[in-house]
Amino acid sequence: MGKKKFGDRKDGTLIRNPDSMHFIMPLIYPNRCDNEAFISERIDLTNINAYLEKKNADNPEYKYNMFQIIVTALLKTITLRPKMNRFIANKNLYQRNEISAAFVVKKLFTDESEEALAIIRSKESDNIDSIHNEIYRRVSYVRKDGQKDSSTESMDFFNKLPRFISKTAVALVRVLDRHGRVPQSFIETDPYYSSVVLSNLGSIKLRSGYHHLTNWGTTSVFVIVGEKKIRPFFDEEGNMTMRDSVDIGLTVDERIADGYYYSKTVRLLKRLLENPELLEKPLKEEVDY
């Protein structure tokens, strides 16, 4: 990252010479939630299942799983497709300074259990093994008794104020959000300041589907992971086989790239998920797709 210039944010570099369409779109469509595009993909898990069996053959304390593979594949995809790491704030287009993935951790699988937030910040040298270890570290931390992430602590603070004061304070924070001035302590673990937010609905036995973006924060990509199911797959001759699979839904801000760029991005993501051994290479290493 180069020296910060006028117009840059602490979390992003201003795109100073966008093409005309990507200059105009934030001006006439300023709200992220008004610019959502939804993409759905079905992933054949045959190779992922075989890969996980191999990785877990030595019975590691924290086993490798499908969600870790999806997180790593998304981080690698965003590393190799940098426009997916852009965001629009205050009607300007920015390139994010880091690549990160956020998700919710359920502390216990009960109705009363609290949820905590976790963010994985990647480096170009990371791979499936280092991401697996970092997810383990984050999940272990938030599941400790009494541990809270900084975003939850901030929400607790506003919740304890008198209602009229908290509404005014939050309105002020929203102004700071628009200009990239929210204190880092407030948003350290806020998922909506990450490159991609994931929701693993399969872990609670729900199907994949659409999830909205938010006008708060800077996230331009939201990914839903559904429940694993045996589903039919057809070859070019129309022959059917039943295979283990998972549906993934991606909601993206259509203002940050064009349809062709998204198409190639999804093709790369699918290539990585159906060939998980590619994730053993550094995130920055190119892939043929």
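Everything numeric in this text was worked out from a predicted model, so none of it was measured. Heads up: numbering here begins at 1 and tracks the sequence.
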Is the backbone N or O of [Y] less than 3.5 Å from a side-chain atom of [X], with the two atoms forming a donor-acceptor pair by type?
X      : Y      : answer
Thr219 : Val221 : no
Asn47  : Glu274 : yes
Asn85  : Pro82  : no
Ser100 : Ser195 : yes
Ser263 : Gly259 : no
Thr168 : Phe164 : yes
Gln68  : Lys63  : yes
Asn215 : Arg32  : yes
Asp58  : Pro60  : no
Asp19  : Met21  : yes

Check [X] against [Y] and note the closest heavy-atom contact, atom names and distance.
X      : Y      : answer
Ala89  : Arg9   : CB-NH1, 3.4 Å
Phe222 : Ile224 : CE2-CD1, 3.7 Å
Asp253 : Leu213 : N-CD1, 3.6 Å
Leu14  : Asp8   : N-OD1, 2.9 Å
Thr214 : Cys33  : CA-SG, 3.6 Å
Ser194 : Ala102 : OG-CB, 3.5 Å

Name all residues meeting the ring-ring contact (aromatic ring centres under 6.0 Å, His included) criterion together with Phe233; count only those two or more places apart in sequence or in a different chain, and write none if there are none.
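By the ring-ring contact (aromatic ring centres under 6.0 Å, His included) rule, Phe233 matches no residue at all.
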
Checking Tyr262 now: which residues fulfil ring-ring contact (aromatic ring centres under 6.0 Å, His included) with it, not counting sequence neighbours?
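Not a single residue meets the ring-ring contact (aromatic ring centres under 6.0 Å, His included) criterion with Tyr262.
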
What residue pairs, at least two apart or across chains, pass ring pair (Phe, Tyr, Trp, His ring centres under 6.0 Å) with a residue in residues 58-93?
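Qualifying pairs: Tyr62-His132, Tyr62-Tyr136, Tyr64-His132, Phe67-Phe103, Phe87-Tyr94.
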
Any ring pair (Phe, Tyr, Trp, His ring centres under 6.0 Å) pairs touching residues 270-289, not counting sequence neighbours?
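As it turns out, there is no ring pair (Phe, Tyr, Trp, His ring centres under 6.0 Å) pair with a partner in residues 270-289 once direct neighbours are skipped.
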
Give a yes or no on whether Phe234 atom CZ has more than 12 heavy-atom contacts from other residues, nucleotides or ligands under 6.0 Å away.
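Result for CZ/Phe234: enclosed.
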
Are more than 12 heavy atoms from other residues, nucleotides or ligands located less than 6.0 Å from atom OH of Tyr261?
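Check passes, neighbour count above 12.
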
Roughly how far, to the nearest 0.5 Å, is [atom2] of [Y] from [atom1] of [X]?
X      : Y      : atom1 : atom2 : result
Ile230 : Met242 : CD1   : CE    : 7.0 Å
Ile48  : Ile70  : CD1   : CD1   : 6.0 Å
Lys83  : Asp258 : NZ    : CG    : 6.0 Å
Leu268 : Thr77  : CG    : OG1   : 4.0 Å
Leu198 : Ile248 : CG    : CD1   : 9.0 Å
Glu124 : Leu80  : CD    : CG    : 9.0 Å

Under a single-linkage definition using a 4.5 Å side-chain heavy-atom cutoff for Ile, Leu, Val, Met, Phe, Trp and Tyr, are [X] and [Y] assigned to the same hydrophobic cluster?
X      : Y      : value
Phe38  : Val225 : no
Leu278 : Leu45  : yes
Ile69  : Val287 : yes
Tyr192 : Val175 : no
Ile43  : Tyr51  : yes

With sequence neighbours excluded, what pairs up with [X] under the side-chain hydrogen bond (donor to acceptor under 3.5 Å, both in side chains) test?
X      : answer
Asp288 : none
Asn17  : none
Lys55  : Asp129

Name of the residue among Ile135, Ile128, Asn127, Leu272 meeting side-chain contact (heavy atoms from CB on, under 4.5 Å) with Thr72
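Answer after filtering Ile135, Ile128, Asn127, Leu272: Ile128.
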
Arg163: partners by salt bridge (charged side-chain N to carboxylate O under 4.0 Å, His left out), with sequence neighbours left out:
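Counting only residues at least two positions away or on another chain, Arg163 forms no salt bridge (charged side-chain N to carboxylate O under 4.0 Å, His left out).
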
Gln184 and Tyr193: side chain donor to acceptor below 3.5 Å
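No, because no side-chain N or O of Gln184 sits under 3.5 Å from a partner of the opposite role on Tyr193.
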
Would Thr13 and Asn97 count as having a side-chain donor-acceptor pair, cut-off 3.5 Å?
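There is such a pair between these side chains.
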
side-chain contact (heavy atoms from CB on, under 4.5 Å) for Leu74 and Leu269? Distances and angles first, verdict last.
CA-CA 7 Å; Leu74 282 164; Leu269 177 62; 3.9 Å; yes

Criterion side-chain contact (heavy atoms from CB on, under 4.5 Å) on Arg138 and Thr189, from CA distance to verdict
CA-CA 11 Å; Arg138 295 301 309 162; Thr189 55; 4.1 Å; yes

Going by an N to O cut-off under 4.0 Å, is there a salt bridge joining Asp34 and Arg255?
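No, no charged N to carboxylate O under 4.0 Å.
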
Going by an N to O cut-off under 4.0 Å, is there a salt bridge joining Asp177 and Arg174?
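No, Asp177 and Arg174 are not salt-bridged.
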
Check against side-chain contact (heavy atoms from CB on, under 4.5 Å), Trp216 and Val173
CA-CA 10 Å; Trp216 164 266; Val173 172; 3.5 Å; yes

According to the side chain to side chain donor-acceptor pair (under 3.5 Å) rule, which pairs have a member within residues 220-231, sequence neighbours left out?
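Of all non-adjacent pairs touching residues 220-231, those that pass side chain to side chain donor-acceptor pair (under 3.5 Å) are Arg231-Ser245.
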
Please, which pairs that meet side chain to side chain donor-acceptor pair (under 3.5 Å) have at least one residue in residues 204-213, sequence neighbours excluded?
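Output for this query lists Glu36-Tyr210.
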
Sort and list the pairs that fulfil salt bridge (Lys or Arg N to Asp or Glu O under 4.0 Å) and have at least one residue in residues 84-102, not counting sequence neighbours.
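Those involving residues 84-102 are Glu98-Arg121.
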
Salt bridge (Lys or Arg N to Asp or Glu O under 4.0 Å) contacts touching residues 38-53 (sequence neighbours left out)
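Listed by first then second residue: Glu41-Lys270, Arg42-Asp247, Asp44-Arg243.
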
Using a 4.5 Å cut-off on heavy atoms from C-beta on, say whether the side chain of Ile88 contacts that of Met25.
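No - every pair of side-chain heavy atoms lies 4.5 Å or more apart.
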
With the side chain counted from C-beta on, respond yes when Ile131 and Val71 share a heavy-atom pair under 4.5 Å apart, and no when they do not.
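They are in contact (side-chain heavy atoms under 4.5 Å apart), so the answer is yes.
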
Under the side-chain contact (heavy atoms from CB on, under 4.5 Å) rule, what do Thr265 and Val252 come out as? Steps first, then yes or no, please.
CA-CA 12 Å; Thr265 298; Val252 297; over 6 Å; no

